[in-house]
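Take a look at the structure below.
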Amino acid sequence: MFRSSYRGLSAATSSLSRRASPWSIALIAVAFVVALPVLVVFAHIAMPTDGVWQHLASTVLGRYLNNTFWLVVIVGLGTLVIGTGTAWLVVMCRFPGKRLFEWGLLLPLAVPTYVIAYAYTDFLQFAGPLQSLLRETFGWEYGDYYFPNVRSLGGAATVITLVLYPYVYLLARASFLEQSVCVLDVGRTLGRGPWRLFASVAVPLARPALVGGVSLVLMETLNEFGAVQFFGVDTFTTGIYRTWFGMGEQVAAAQLAACLLTFVIVLVLLERWSRGKRRYFHTTNRYQQLPEYVLHGWRAAAATLACLLPVLVGFLLPSGILLNLALQGGDSLWGSRFIGYAWNSLGLATVAALIAVGLAVVLSYGVRMHDTTFARVAARVASMGYAIPGSVVAVGILIPFTWLDNALNTWLNNHYGYIIGLVFSGSAFILLYAYVVRFLAVSFNAVEASLGKVTPSMDAASRTLGQTAGGTLRHIHTPMMRSSLLAAGILVFVDVMKELPATIILRPFNFDTLAVRAHNLASDERLAEASTSSLAIVVVGILPVILLSMAMRRSRPGANS
């Protein structure tokens with residue numbers, strides 16, 4: 001009896017010790033710090049709305065739901081097809097321009113969605129160059145021909161798809177690069193050709209990465225504000241902004257944001273339910289050079305065209321429009337001040353990317369070490385900031401940090417007789433905090449998908465050889481995840497470069513970024529002047545995208561063997 005009780009006490013103590021390990025403590029700490037702004041916003045949900053919610057439900061809520069649903073469906077399917085197909089082509093096939101498309105397909109990431117929306121509106125509107133050329137060429141007058149209206153739901157969905165497909169492409173490419181040749185060899189020995197191998201072997205193995213990429217696309221689509229507002233498409237996001245900042249109803253806006261977040265959670269849960277108990281692991285450490293299918297004739301031409309079109313309409317054409325506008329007019333303040341704008345943008349993006357990727361590793365590995373319901377929920381809550389509009393996140397951050405600054409200054413004034421000012425809410429620290437909260441999901445999805453493919457038997461083997469949990473992460477997991485870590489860093493870096501609402505609200509005095517400058521001019525319909533800052537965002541973002549894309553290709557284990 002005594003031995004039984006002792007064994008039970010020992011088991012309970014051991015379980016408590018495991019729960020209180022450094023990894024579990026780090027997981028909980030990161031989850032709480034990152035989720036704090038979201039929790040502050042959700043604290044408004046139970047507050048009364050004085051009939052505002054009922055008014056929204058009876059007037060505009062139906063339109064919000066309908067437009068948001070179709071926008072999500074069209075953009076999700078479009079980015080999945082374009083991103084997955086082009087990723088498979090550049091990884092597994094050889095055709096003219098392949099090396100160029102490896103990094104070229106990432107270029108739309110460097111351009112803000114609202115900037116492309118402005119560029120295409122200028123190009124495709126009735127008074128724009130395209131329709132003017134058609135009328136001059138064929139002698140048409142107004143009403144003689146039909147031309148699609150770009151400022152519509154279809155136009156918004158098309159523009160957003162062209163900008164967001166690199167999310168799926170980048171994670172799909174990283175997943176295809178990490179796949180074992182042995183698995184593909186088995187498929188070929190069973191008589192499967194390249195396309196059947198793609199559909200029945202490569203895509204199922206890449207499913208976690210594809211789902212992660214599409215999830216990012218859906219959340220970014222749900223959060224899109226600049227393009228849909230400019231196109232006059234009412235969605236949940238525009239409704240949140242209008243309710244919060246137009247009507248001044250913070251409680252009703254928080255409830256709309258909660259609906260938005262609930263929609264994202266339902267999507268994630270449905271995917272995980274459909275996956276069931278299936279898991280996708282690498283069962284071998286044999287990594288060889290991936291085989292390339294050499295395409296000839298019409299197949300090579302089709303592959304080149306399939307990769308060229310997204311780059312052409314998603315980057316080259318709008319960039320050309322902006323370049324033409326910049327050469328015709330441009331920003332009158334172009335010069336030394338833009339060095340400051342670029343430095344602010346580049347510095348914030350680099351630091352935020354490093355922090356976000358590091359925290360994503362902590363969260364993912366913490367869940368792997370302690371795979372409990374509480375740990376999974378904590379990680380998911382910490383990564384839900386991406387589903388909240390940037391301005392809502394900013395307000396959720398301002399509330400506690402403004403209180404903290406006021407409390408600190410009051411205490412210092414009472415005890416020492418001086419005030420130090422806004423240490424937290426008036427510095428770049430609060431911007432970095434907002435970026436990490438906003439974009440942690442970007443890095444977390446990429447890292448979790450890659451880490452989930454490492455079979456647990458490798459952890460067990462490493463531990464039996466005397467490695468600690470940290471040593472296993474450094475020596476086993478990190479080398480296998482290099483491509484995904486780089487992909488996560490690229491995504492966060494470019495997202496921070498383009499981030500606008502949170503930057504406008506939280507930036508310190510006299511601290512502007514390229515995105516803020518471009519938006520301020522474009523919102524005043526000064527597109528020619530805004531084109532200069534927009535092109536600067538592209539220039540600053542292109543080089544890291546190219547270099548990291550090349551590093552991804554070299555990072556495949558066994559690539560040089």
Side-chain angles (χ1 to χ4, degrees), residues 60 62-83 85-86 107-108 111-165 217-218 220-222 224-239 242 301-302 304-325 328-329 522-528 530-531 534:
V60 295
R63 185 163 69 250
Y64 292 164
L65 286 170
N66 182 70
N67 289 340
T68 301
F69 173 78
W70 285 113
L71 195 66
V72 164
V73 170
I74 297 172
V75 174
L77 292 176
T79 54
L80 178 63
V81 171
I82 297 174
T86 53
L107 293 178
V111 186
T113 307
Y114 58 87
V115 170
I116 290 187
Y118 294 146
Y120 271 117
T121 298
D122 179 79
F123 183 69
L124 299 176
Q125 63 185 347
F126 180 79
L130 181 59
Q131 291 199 55
S132 298
L133 178 63
L134 291 175
R135 291 194 299 272
E136 293 176 3
T137 303
F138 298 100
W140 291 338
E141 298 292 340
Y142 178 77
D144 292 342
Y145 65 99
Y146 168 77
F147 197 88
N149 182 17
V150 67
R151 304 185 77 163
S152 62
L153 177 62
T158 302
V159 167
I160 295 173
T161 299
L162 293 175
V163 174
L164 298 185
Y165 81 83
V217 167
L218 296 183
E220 186 65 28
T221 302
L222 291 171
E224 177 57 41
F225 175 71
V228 292
Q229 184 196 42
F230 187 72
F231 285 154
V233 179
D234 291 330
T235 64
F236 259 99
T237 305
T238 59
R242 189 176 299 134
T304 301
L305 183 63
C307 293
L308 175 62
L309 282 177
V311 181
L312 177 64
V313 297
F315 177 78
L316 295 178
L317 182 57
S319 297
I321 296 171
L322 294 174
L323 179 59
N324 180 61
L325 291 172
Q328 289 181 356
S523 61
D524 292 335
E525 299 295 336
R526 298 159 63 185
L527 183 58
S531 62
S534 302

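One-based numbering along the sequence shown. Note that these values count all heavy atoms, side chains included, but never hydrogens, waters or copies made by symmetry. Given the structure is predicted, the values throughout are model-derived calculations rather than measurements.
- The shortest side-chain heavy-atom distance between Phe231 and Val159 falls under the 4.5 Å cut-off.
- Val233 and Ala156 make their closest contact through CG2-CB, 4.3 Å (heavy atoms, listed as atom of the first residue, atom of the second, distance).
- Remark: Phe236 CZ to Leu71 CG distance equals 13.0 Å, nearest 0.5 Å.
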### Query
Should Ile116 and Leu162 be marked as a side chain to side chain contact (heavy atoms under 4.5 Å, CB included) after you check the CA-CA gap, both sets of side-chain angles, and the distance that decides it?
CA-CA 9 Å; Ile116 290 187; Leu162 293 175; 5.9 Å; no

### Message
Go through it in stages, so that I can follow the logic: the residues are Leu153 and Val228, the test is side chain to side chain contact (heavy atoms under 4.5 Å, CB included), and I'd like the CA-CA distance, side-chain angles, deciding distance and then a yes or no.
### Response
CA-CA 8 Å; Leu153 177 62; Val228 292; over 6 Å; no

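- Listed by chain and residue number, Leu56, Arg63, Tyr64 satisfy the side chain to side chain contact (heavy atoms under 4.5 Å, CB included) test with Val60 (two or more places apart in sequence, or in another chain).
- Screening Asn66, Thr68, Asn67 for a side chain to side chain contact (heavy atoms under 4.5 Å, CB included) involving Asp234 leaves a single residue, Asn67.
- Checking Gln131 against Tyr145 by side-chain atom types alone, a donor-acceptor pair falls below 3.5 Å.
- Evaluated for a side chain to side chain contact (heavy atoms under 4.5 Å, CB included) with Thr79, the options Thr221, Ile74, Leu164 yield exactly one hit, Leu164.
- Screening residues 308-318 for salt bridge (Lys or Arg N to Asp or Glu O under 4.0 Å), with sequence neighbours left out, gives no hits.
- Nearest heavy-atom pair, Pro310 versus Ala306, reported as atom, atom and distance to 0.1 Å: CD-O, 3.0 Å.
- Residues forming a ring pair (Phe, Tyr, Trp, His ring centres under 6.0 Å) with Tyr146 (at least two apart in sequence, or on another chain): none.
- When side chains are defined from C-beta on, Leu309 does not count as touching Val311, because their heavy atoms never get closer than 4.5 Å.
- Checked by atom type and distance alone, the side chain of Ser152 pairs as donor or acceptor with a backbone atom of Asn149 at under 3.5 Å.
- For Trp70, there are no ring pair (Phe, Tyr, Trp, His ring centres under 6.0 Å) partners at least two apart in sequence or on another chain.
- Between Thr121 and Arg151 there is a side-chain heavy-atom pair separated by less than 4.5 Å.
- Residues passing the ring pair (Phe, Tyr, Trp, His ring centres under 6.0 Å) test with Tyr118, sequence neighbours excluded: Phe230.
- Under the rule for a side-chain hydrogen bond (donor to acceptor under 3.5 Å, both in side chains), the partners of Ser132 that lie at least two apart in sequence or sit in another chain are Arg135.
- Between Leu130 and Phe147, the closest side-chain pair of non-hydrogen atoms falls below 4.5 Å.
- Residue Phe123 holds its CZ atom at 12.0 Å from CG of Leu322, rounded to the nearest 0.5 Å.
- Without hydrogens or angle criteria, Tyr165 side chain to Pro108 main chain gives no donor-acceptor distance under 3.5 Å.
- Rounding to the nearest 0.5 angstrom, the gap separating the OG1 atom in Thr235 from the CG atom in Leu65 is 11.0 Å.
- Residues Ala227 and Thr113 share a closest heavy-atom pair of CB-CG2, 3.7 Å.
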